[in-house]
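Read through the structure below, which is laid out as structure tokens, and then see the notes.
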Protein chains: 2
Amino acid sequence: MTMKVLVIGGIAGGPSFATRLRRINEDAEIIIFERGAAISVASCALPYYLGGLIRDRSTVIERTPEILKQKNNIDVRLYNEVTAIDPKQKLVHVINHQNNQSYTETYDKLVIATGASPAVPEIKGIDKADDAFVLRAITDADKIKRFLETKRPKRVTILGAGTIGIEVAESFVNNNMDVTIVEQSGQVAAPFDSEIAEIVAAELQAQGVHVLLHHTIKEITDNGKTLVFDNGTTHQTDMLFLGTGVQPNSQLAADAGIKLSEDGHIIVNQQLATSLPDIYAIGDVIETTSLITGQPIPSLLSSAANRQGHLLADVFNGAPLIYKGFIGAGVAKFFDLTVSYVGYTEQMLQQAGINDYRSVFITPFDHAYFFPNADRVNFKLLYQDKTGKILGGQAVGRNGIDKRISQLSVAITGNLTVTDLPSLEIPYSPPYSSTRDVLNIAGYVAINQLTNRTATIKLTDIPETDFKSAFFLDIREAGKPAAGSVTPTLNIPLSELRERINEVPTDKKVYITFRKGLGPYNASRILAGKGIKATMIEE
Amino acid sequence: MTMKVLVIGGIAGGPSFATRLRRINEDAEIIIFERGAAISVASCALPYYLGGLIRDRSTVIERTPEILKQKNNIDVRLYNEVTAIDPKQKLVHVINHQNNQSYTETYDKLVIATGASPAVPEIKGIDKADDAFVLRAITDADKIKRFLETKRPKRVTILGAGTIGIEVAESFVNNNMDVTIVEQSGQVAAPFDSEIAEIVAAELQAQGVHVLLHHTIKEITDNGKTLVFDNGTTHQTDMLFLGTGVQPNSQLAADAGIKLSEDGHIIVNQQLATSLPDIYAIGDVIETTSLITGQPIPSLLSSAANRQGHLLADVFNGAPLIYKGFIGAGVAKFFDLTVSYVGYTEQMLQQAGINDYRSVFITPFDHAYFFPNADRVNFKLLYQDKTGKILGGQAVGRNGIDKRISQLSVAITGNLTVTDLPSLEIPYSPPYSSTRDVLNIAGYVAINQLTNRTATIKLTDIPETDFKSAFFLDIREAGKPAAGSVTPTLNIPLSELRERINEVPTDKKVYITFRKGLGPYNASRILAGKGIKATMIEE
């Protein structure tokens, strides 16, 4: 008996599912309904198309309906929108927007892959803004391009300093525009942690992008040309871009009686089945499980959508597979920087109510310092206290960023802990890496923390009274710039510490003021050799 | 009681050991004897120093004796050669080459880190060659640079097409010389497999390097200016470079009665102890264990030397650690190419007598094909049949090569199998990767092989009779170039296969001729849907 499978949504998970199903099942009848103008759109590529790095529009569309028909015998219906699901009769209602004809189509199995759409923030007057844009579909990019070409706006204001906001900032800069990003919170690039965000903020400034942090828009007036902030100031612009997050396209599912999470994502089981029989869901519209914490999280990665589609096809074909969730990993190009993450950031851990973590922040070179163009990898590792389980990692820099985060992602999949990191074998040659590479060093530091070989304290955790009574040792060499925000009691260069160790008191609490690199650690070991337990300040 | 530790050799493992020991033990007396002119030399950087990519000689020396004294309180003695070990009296005999004074030094513990030296091949007349060079110590690089500057040779001939041979070929090309590599075997870049080696050979040709494969030198005459080959031909040169491998510097150990392996490496246990009490050994001079096969292998990686040094210091300090061996991982820059490996190559497996392996060779793009400058990652995966255990990987290309091999290395450390590879989460964005990245695809292909979903055969394994009787289906689309070395029986473009499937016979063996990409696999699935089991030819 031939199985009839309908797929709602043709951007990412839908085509992955359908082509996989065809490869393992030559007989199934497969129909994809896509309300938009194209399927298999590389949404992540749209900022580059907008900015001119990708010139050929057709390349952003990875597969056309014709190719899917010819190569995979899949019936793709563009501009065909499913308006309702009838789970009792097992059929869907469809409207063909090309001829305005409505029709129904029955199914044996239904796959909802409707994705997510940009969220429009609730700001007074935003509905009256003439020139407010989003970027999700290829037609969104077309609209912006047309607007840029016909109206030649000089100023653009981006609401939201998240990934899409920063990516389109680059696109607009490449179009020689004056770019302002408005952000409610106190940092760019959330949920990256502040160590990473500060470097991104500096890059935005260097590229001439204006960033207004802590700015809440009270009202938009003048048909979208004037922003009025909480604090009473105003800001003029020629166009608006909404980079304020996405929301799942789950209304269709909700109307059919499918169970949703509180924030509107479709809830699925480990076979990706919804709460109604023979209806499945994949991609950005669903909630999945974090493999790091076991908590539910929205499935907002195209790679996850593809994987879910692939697996669901195997499940339909009888394979005893389950989808356990994902770790979560991403990378983005922010002008000349690469930023990448895997797992949880410190912000995400705190939001999830997880507090038994420790962190390592290191800044080694991306390859041997003596080979040309070595640059810093700013790398933050988060791990569980005591067990050393890896909870996440973030990095930013100009070279080798995605490489290190992908290594950490594989390490998490392999259930490695921080104690395994020093022995990872990263192929070494001066143009590519260092004999002790980034993850090796992070592992050594974490182990030192876990074994209390080094005592560290965050600046903000130092008791107020200690600033009067304790001894703050600065170990910088003569001529090196000061670092850290604590005024030292005494400077003894590391190279002189052994000879001058008597100058360090044994009857006071001893702190070593912040410096990058191994210096404070070496100093703490020299002091430990003489029975002085010093604490290194982290900043 | 203060422990007195002597270290013989100061290039890689020795300083790693000594500095680590100092960090965890402030009191130990530590002396490093180095017979050469420098310690902590980044030997891997010497080809780049020679070629001019690294201009500052001092940067190749990572640490000086002065710094080790000042920062780590380690006594480093350059030009001091240990000439004999007296294990009974626990002392070493030393000659100071600066003043020709001999002396002895006692030890509590002795660490042999004497490394390896370039092997001089046994060729008649090589001892009479005036201008034959090797590259291992910084002084070797000095000698070559001086020769190039004073004698201005036009032609250089490199014996051996291994990694060092190809790296120095680039250095000499950068010095505008006419470069010839002479290699006995039939390929360059052994032990990389032929799929990788062919791409390296093409790059060498493109860069104007002459490569003479299958050339055995019978004799060197004319004070090193003429090579006479087996086949009677001759070759003229202005200088020779010996890139014919290395041999362990283990004579000192052998003379002391320390047990060596058949090929002359020091045998150590999992605490890195030699066969004599209180004498340890680390680095290129020892034999270690492959974590892939459990077989003994020489420890020829500076990263391994560093790790062994670090671990040995911890062992001396009482830590209950063991050294299990290594996977083995490397990377090299060959002109504009990067080549990298982890674990075993097919050649190495065959030499080790391991035959129950299977291989995957794929050539996906290093990042999304629609983003500028996408290039192929030529990637070979080797895994154990049935279990799917990963045995090794190799890759060559222009971008992202070291990234993929380092991911595979971490996967091996995590004991992942090929069935885990599809679910690896490689951070995706068009400039960096693909939604299904290299290791994901390799995993899918391996799983298809293991589950016999696809039947594949190597060209050379096709029975001779089949070339007369079987049906060879070519699925290339009209206008696409032919591929593969078998003359097809019939061409049916993949896009027409469903409609024309009756043209494929059901009473003959069916092969699908070689094409890159997913086409043959898709064709085999279409045929399978109609009950025809076709076999894809691998080339």
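What you are looking at is a predicted structure, and each value in this text was computed from that prediction instead of being measured. Throughout, a chain's letter reflects where its sequence line sits, starting with A, and its residues are numbered from 1.
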Using non-hydrogen atoms only, which part of Asp437(B) is less than 4.5 Å away from chain A: side chain, backbone, both, or neither?
->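 For Asp437(B), there is no contact with chain A at all, as no heavy atom is under 4.5 Å.
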Interchain contact, Glu499(B) with chain A, by part (heavy-atom threshold 4.5 Å) | neither
Relative to chain B, which segment of [X] carries a heavy atom at a distance below 4.5 Å: side chain, backbone, both, or neither?
{"X": "Asn415(A)", "answer": "neither"}
{"X": "Pro493(A)", "answer": "neither"}
{"X": "Leu416(A)", "answer": "side chain"}
{"X": "Ser340(A)", "answer": "side chain"}
{"X": "Asn25(A)", "answer": "neither"}
{"X": "Ala368(A)", "answer": "neither"}
{"X": "Glu496(A)", "answer": "neither"}
{"X": "Tyr49(A)", "answer": "neither"}

When rounded to the nearest 0.5 angstrom, what distance separates [atom1] in [X] from [atom2] in [Y]?
{"X": "Thr59(B)", "Y": "Tyr369(A)", "atom1": "OG1", "atom2": "OH", "result": "7.0 Å"}
{"X": "Asn440(A)", "Y": "His310(B)", "atom1": "CG", "atom2": "NE2", "result": "10.0 Å"}
{"X": "Cys44(B)", "Y": "Tyr428(A)", "atom1": "SG", "atom2": "OH", "result": "5.0 Å"}
{"X": "Ile24(A)", "Y": "Asn448(B)", "atom1": "CD1", "atom2": "CG", "result": "10.0 Å"}

Taking the side chain as C-beta and beyond, is there a heavy-atom pair between Ser16(B) and Arg436(A) under 4.5 Å?
-> yes
Are Lys403(A) and Asp402(B) side-chain neighbours, meaning at least one heavy-atom pair lies under 4.5 Å?
->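 The answer is yes, as the side chains (C-beta and beyond) meet within the 4.5 Å cut-off.
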Could you tell me how the ring of Phe371(A) sits relative to the ring of Tyr48(B): parallel (under 30°), tilted (30 to 60°) or perpendicular (over 60°)?
->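 Perpendicular, since the angle between the ring planes exceeds 60°.
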Hey, does the side chain of [X] reach the backbone of [Y] with a donor-acceptor pair shorter than 3.5 angstrom?
{"X": "Thr413(B)", "Y": "Leu424(A)", "result": "no"}
{"X": "Arg498(A)", "Y": "Lys71(B)", "result": "yes"}
{"X": "Arg22(A)", "Y": "Arg525(B)", "result": "no"}

Of the non-hydrogen atoms in [X] and [Y], which two are nearest, and what is the gap between them?
{"X": "Lys333(A)", "Y": "Pro431(B)", "result": "CD-CG, 4.1 Å"}
{"X": "Pro372(B)", "Y": "Leu53(A)", "result": "CG-O, 3.1 Å"}
{"X": "Ser429(B)", "Y": "Ala332(A)", "result": "OG-CA, 4.5 Å"}
{"X": "Arg20(A)", "Y": "Tyr521(B)", "result": "NH1-OH, 3.8 Å"}
{"X": "Ile327(B)", "Y": "Glu425(A)", "result": "N-OE2, 2.7 Å"}

Choice from Ser302(A), Ser433(A), Ser303(A), Ser423(A) maximising heavy atom contacts with chain B below 4.5 Å | Ser423(A)
Without hydrogens or angle criteria, can the side chains of Thr338(B) and Tyr432(A) be said to hold a donor-acceptor pair below 3.5 Å?
->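 Yes, Tyr432(A) and Thr338(B) have a side-chain donor paired with an acceptor closer than 3.5 Å.
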Looking just at side-chain N and O atoms, do Gln407(A) and Ser406(B) make a donor-acceptor pair shorter than 3.5 Å?
-> yes
Just do the side-chain contact (heavy atoms from CB on, under 4.5 Å) check on Asp27(A) and Lys530(B) with the steps written out, would you?
-> CA-CA 9 Å; Asp27(A) 296 323; Lys530(B) 302 297 170 196; 4.3 Å; yes
